[in-house]
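Numbers here simply count residues along the sequence, with the first being 1.
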Amino acid sequence: MLIQVVKSKIHRVTVTAANLDYIGSITIDRDLMDAAGIVEGERVFIVDNNNGERLDTYVIAGDRASGEICLNGAAARRVQPGDIVIIMAYALMTPDEAREFKPQVVFPDTRTNRLI
């Protein structure tokens, strides 16, 4: 049996843009992606601390050191620039693997979305 376990988390970043006319996804500063072990195209779950919305999409890599967190497509209607979000990715593993696994958690500066 496999269970789904959080593998990566970018905790409390500020949404910098919302682009309704884009095909869909979330654009994340590549430095944050690397620090959290998230890869381009990976499925992520997003929780908006301002309004309680929860959604999932896939990742597009943004420019390094840009602090960019941009919700694209339909998600742009659910999350607004200035909102604080948590971004999480999950992995499938056995219960034995999960007991030993430690997720990569990143706590960036919420004003700049840059690594501290």
Output yes when a side-chain donor or acceptor of [X] lies under 3.5 Å from a complementary backbone atom of [Y], and no otherwise.
{"X": "Lys7", "Y": "Gly37", "value": "yes"}
{"X": "Glu40", "Y": "Ala61", "value": "yes"}
{"X": "Ser8", "Y": "Ala89", "value": "no"}
{"X": "Thr110", "Y": "Thr14", "value": "no"}
{"X": "Asp31", "Y": "Ala65", "value": "yes"}
{"X": "Asp56", "Y": "Phe45", "value": "no"}
{"X": "Tyr58", "Y": "Gly24", "value": "yes"}
{"X": "Asn19", "Y": "Asn72", "value": "no"}
{"X": "Gln104", "Y": "Ala35", "value": "yes"}
{"X": "Asp63", "Y": "Ser66", "value": "no"}

Do the non-hydrogen side-chain atoms of [X] and [Y] ever get within less than 4.5 Å of each other?
{"X": "Asn113", "Y": "Glu68", "result": "no"}
{"X": "Thr94", "Y": "Leu2", "result": "yes"}
{"X": "Asn51", "Y": "Gln80", "result": "no"}
{"X": "Leu115", "Y": "Leu32", "result": "yes"}
{"X": "Arg78", "Y": "Leu71", "result": "no"}
{"X": "Thr27", "Y": "Tyr22", "result": "no"}
{"X": "Pro103", "Y": "Lys9", "result": "no"}
{"X": "Val39", "Y": "Val59", "result": "no"}

As an exercise, state the distance from [atom1] of [X] to [atom2] of [Y], rounded to the nearest 0.5 Å.
{"X": "Ile38", "Y": "Ile87", "atom1": "CD1", "atom2": "CD1", "value": "6.5 Å"}
{"X": "Asn49", "Y": "His11", "atom1": "CG", "atom2": "NE2", "value": "7.0 Å"}
{"X": "Asp48", "Y": "Asp83", "atom1": "CG", "atom2": "CG", "value": "4.0 Å"}
{"X": "Arg77", "Y": "Leu55", "atom1": "CZ", "atom2": "CG", "value": "14.0 Å"}

query: Around Ile23, counting heavy atoms of other residues, nucleotides and ligands shown, do more than 12 lie under 6.0 Å from its CD1?
result: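 Counting other residues, nucleotides and ligands, CD1 of Ile23 stays at 12 neighbours or fewer.
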query: Is it true that atom CD of Gln4 has more than 12 heavy atoms of other residues, nucleotides or ligands lying nearer than 6.0 Å?
result: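 Enclosed: over 12 neighbouring heavy atoms sit under 6.0 Å from CD of Gln4.
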- request: Identify whether the distance between the nearest side-chain nitrogen and carboxylate oxygen of Arg64 and Asp34 falls below 4.0 Å.
  value: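 Result for this pair is yes, salt bridge flagged.
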task: Apply side chain to side chain contact (heavy atoms under 4.5 Å, CB included) to Ile69 and Asp29, showing your working.
output: CA-CA 7 Å; Ile69 301 292; Asp29 178 324; 5.5 Å; no
- request: Find out if a path of hydrophobic residues (ILVMFWY) with successive side-chain heavy-atom gaps under 4.5 Å connects Ile26 to Ile60.
  value: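 Ile26 does not cluster with Ile60.
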message: Please say yes or no: joined through hydrophobic side-chain contacts below 4.5 Å, possibly via intermediate residues, are Met88 and Ile10 part of one cluster?
response: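 No.
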message: Could you walk me through whether Val85 and Val47 satisfy the side chain to side chain contact (heavy atoms under 4.5 Å, CB included) test, starting with their C-alpha distance in whole Å, then the side-chain angles of each, then the deciding distance to 0.1 Å, before giving a yes or no?
response: CA-CA 5 Å; Val85 297; Val47 179; over 6 Å; no
- prompt: Any idea which heavy atoms bring Ala18 and Val79 closest together, and the distance?
  reply: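 Shortest heavy-atom separation between Ala18 and Val79 comes out as CB-O, 3.8 Å.
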